[in-house]
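We use all heavy atoms of the structure for the numbers below, so side chains are in, but hydrogens, waters and symmetry mates are not. Chain identifiers are assigned alphabetically (A, B, ...) following the order of the sequence lines, protein sequences preceding nucleic acid strands; residue numbering begins at 1 within each chain.
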There are 2 protein chains.
Amino acid sequence: MGIIIRIMNDKPKITLSEVALAADVSPITVSRALRNPAKVSAEARARIERAIHELGYVPNPAARALASGRTDVIGVIIPSVSNNVFADVMRGIYEGLEGSSLGVQLGTTRYSPLTEEQLIRVFLSQRPAGLIVAGHDQSPAARALLGAAVCPVVQIMEVGPPPIDLSVGLSHFHGARAGVEHLLAQGYRAPAFLGAQMDPRSQRRLAGFRDGLAAAGLGGDPVVTTPEPSSVSLGCRLLADLLARRPQTDAVLCNNDDLAIGVLFEAQRRNIRVGPQLGICGFNDHEMMSAAEPALTSVATDRLSMGRQAVHMVRDRLTGAGAPRGHALDLGFRLMPRASTAREG
Amino acid sequence: MGIIIRIMNDKPKITLSEVALAADVSPITVSRALRNPAKVSAEARARIERAIHELGYVPNPAARALASGRTDVIGVIIPSVSNNVFADVMRGIYEGLEGSSLGVQLGTTRYSPLTEEQLIRVFLSQRPAGLIVAGHDQSPAARALLGAAVCPVVQIMEVGPPPIDLSVGLSHFHGARAGVEHLLAQGYRAPAFLGAQMDPRSQRRLAGFRDGLAAAGLGGDPVVTTPEPSSVSLGCRLLADLLARRPQTDAVLCNNDDLAIGVLFEAQRRNIRVGPQLGICGFNDHEMMSAAEPALTSVATDRLSMGRQAVHMVRDRLTGAGAPRGHALDLGFRLMPRASTAREG
DNA sequence: TTGACGAATGACAGCGCTGTCATTCATGCT
DNA sequence: AGCATGAATGACAGCGCTGTCATTCGTCAA
């Protein structure tokens, strides 16, 4: 069996030394031509490039990593891939990678701090080019690990306390507060909050909602949440719950757009006039919000740039020109008022 | 600078030999205990495990890869991460990975066959544990590379010609054909097709639509497509286009659910009664289709299992129990008739 | 002219692990 | 008792590349 495998593996696997031989230089020069072309004379470089092309040489990243003690991989640690928000962020991350030779290694914590800590430990042990982690609620041990990391560490999703190293995100608290303030400004008197998958970001949005209510002197705690993952049909159900419990509700701030769409459908089903009778405000401003009928108000966030910027923070550090430790980029949010929160219409 | 880095890197980086020392065995035995515990006596294994735990040893995958000529990484090659369908598939892939020590390396072709070929070449050169590629329209050179690969290769998304090695997917042609047949069976006389981002799968869905029309003796070519990426708002626009060009249209088969939702909203905006006046059928059956008002008919596909199954095909091969070369798994599809294609309602 | 200097290149060793083959030792059979 | 057998373990070398330091050579100021 060893023999069979050996034979099958015997396709022309070109090594650096073979390229060196063909280009009539030493292996180390080829290595340099690849890593740091400026340190190699133009003639040598030309010969090397030709040899690489002719032989179809592809570098072996494992050997590179072993010899140099570094990898060209950015570790990304998020709670879950089944969350639309993180899907958008991942998209941004992959976009940010374009034009670099970097790769990403993805780990999911499933909302467990212990798993997160283990992932951080494992990722760091592989000396990644950088680490991107979601949120800033890491366990003390995890924070210590990240603080001692020799690579750039970017905390994404939120702005808040000073970052361990770098961060890019937005204030979910203020985003939600802007949403509820908008509802109140539009004249709604009894707004409620609908939330699913109550991760730390959602919790802070809820806090922003409560803060906005309190600031307006409104009492009660008109909140319906569930730990279930968010979905459109869940939005339908949550609205049903809410109206059963608190019929006087005249507006809802949804933890995200999926729920808002669900609320819209459920309202249509019940012949509730969205806008005049029931205000709806989502969160994130997914593309479909503006296409809906009526168009749905939402708090726009830029998940795509979040991912992109995080990667670029790492890339900039790699080229030496990066932002200093402690730099936090606030991407902000933008309230997009639409027909779903217009009381006359 | 070398010194500084050296110092910073000097956190207790435990190697296999140190574990071996602590467990009073040779390094090779530790290696075996990790890779193939059955080959190590229970006592030795216990000591080794304790040492690993106490020292906090984390294996170095680069060294492992270099020494063994294999990696624990599955390469995944898809056209784009910005496509909802692939997002679902990726989710399935990550789910399929759970409980294994496998990782994934993702590459995107941006629908370029040349890029795809290069990616395949680069990925294969790293001796991945397996390769998952989207579709079966690879260039001849790419097919040759895949055919000669020493690792399992899974083509996902579609069933069709015999796979290079393994495949899991469904027939987009027949799925779309089932959709149009349903529309015709419901009594719609002038169905049209709306498509965006016309990748090979979309093309085959369109072919299925045309085939279904032809089989019913219906002529014309009521098709509106665009190469733009799909979105809800695009669905709105495409319906507007379609109605302008072909006012007699009484039903639409949408290339995917986003478009169908857009069509629904646009119809609502124009006070067209969805179902009686205009039938709508989507593709994929995203969760929101059943929550919509009216609920939307769709051709259900299981993107999640597709990803999961693909990974498991690789994993099974790794344990020796895998399906033989040529095995193709047809996940099928399921028409989900709902209110949006009920002519009386 | 001479020495100093920097650019270009090379020799060497080793990163941490595993494949291969060799060795040891207890077991069961004739 | 003697031998083959297989389980458990170990020695050795090397995977492909890069960090470090050394060497060569041409250039320029004194």
Below the 4.0 Å mark, does [N] have OP1 or OP2 next to a side-chain nitrogen or oxygen of [X]?
X: A/Ser41; N: C/dA7; answer: no
X: A/Ser26; N: C/dT9; answer: no
X: B/Arg35; N: C/dT18; answer: yes
X: A/Ser17; N: D/dG16; answer: no
X: A/Arg70; N: D/dG19; answer: yes

Judged by atom type as modelled, is there a donor-acceptor pair below 3.5 Å linking the side chain of [X] to the main-chain atoms of [Y]?
X: B/Ser68; Y: B/Arg64; answer: yes
X: A/Asp316; Y: A/Gly322; answer: no
X: A/Arg45; Y: A/Val40; answer: yes
X: A/Gln138; Y: A/Gly135; answer: yes
X: A/Lys13; Y: B/Ser125; answer: yes

Point to revise | Euclidean distance, B/Leu21 CG relative to B/Ser26 OG, rounded to 0.5 Å | key: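 Output value for this atom pair is 11.0 Å.
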Please classify the nucleic acid contact of [X] as base, sugar-phosphate, or nothing, using heavy-atom distances under 4.0 Å.
X: A/Ala65; answer: nothing
X: B/Ala62; answer: nothing
X: B/Ala38; answer: sugar-phosphate
X: B/Arg32; answer: base

For atom [atom1] of [X] and atom [atom2] of [N], their distance in whole Å:
X: B/Leu66; N: C/dT18; atom1: CG; atom2: P; result: 11 Å
X: B/Arg127; N: C/dT18; atom1: CZ; atom2: C1'; result: 15 Å
X: B/Asn36; N: D/dG10; atom1: CG; atom2: P; result: 16 Å
X: B/Asn60; N: C/dG16; atom1: CG; atom2: C1'; result: 6 Å
X: A/Ile28; N: D/dT23; atom1: CD1; atom2: C1'; result: 14 Å
X: B/Lys39; N: C/dT18; atom1: NZ; atom2: P; result: 15 Å
X: B/Arg45; N: D/dA7; atom1: CZ; atom2: P; result: 14 Å
X: A/Lys13; N: D/dC17; atom1: NZ; atom2: P; result: 8 Å

Review point. On DNA chain D, nearest-nucleotide positions of A/Val58 versus B/Arg47: which is more 5'?
Key: B/Arg47
Point to revise | Residue mapping more 5' on DNA chain D - nearest nucleotide basis, B/Ser68 or B/Pro27 | key: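 Closest to the 5' end, via its nearest nucleotide, is B/Pro27.
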Of all the nucleotides listed ([options]), which has the minimum atom distance to the side chain of [X]?
X: A/Thr15; options: C/dG16, D/dC17, D/dA8; value: D/dC17
X: A/Val25; options: C/dG10, D/dC17, C/dG16; value: C/dG10
X: A/Leu16; options: C/dC15, D/dC17, D/dG14; value: D/dC17
X: B/Thr29; options: D/dG10, D/dA8, D/dC17; value: D/dG10

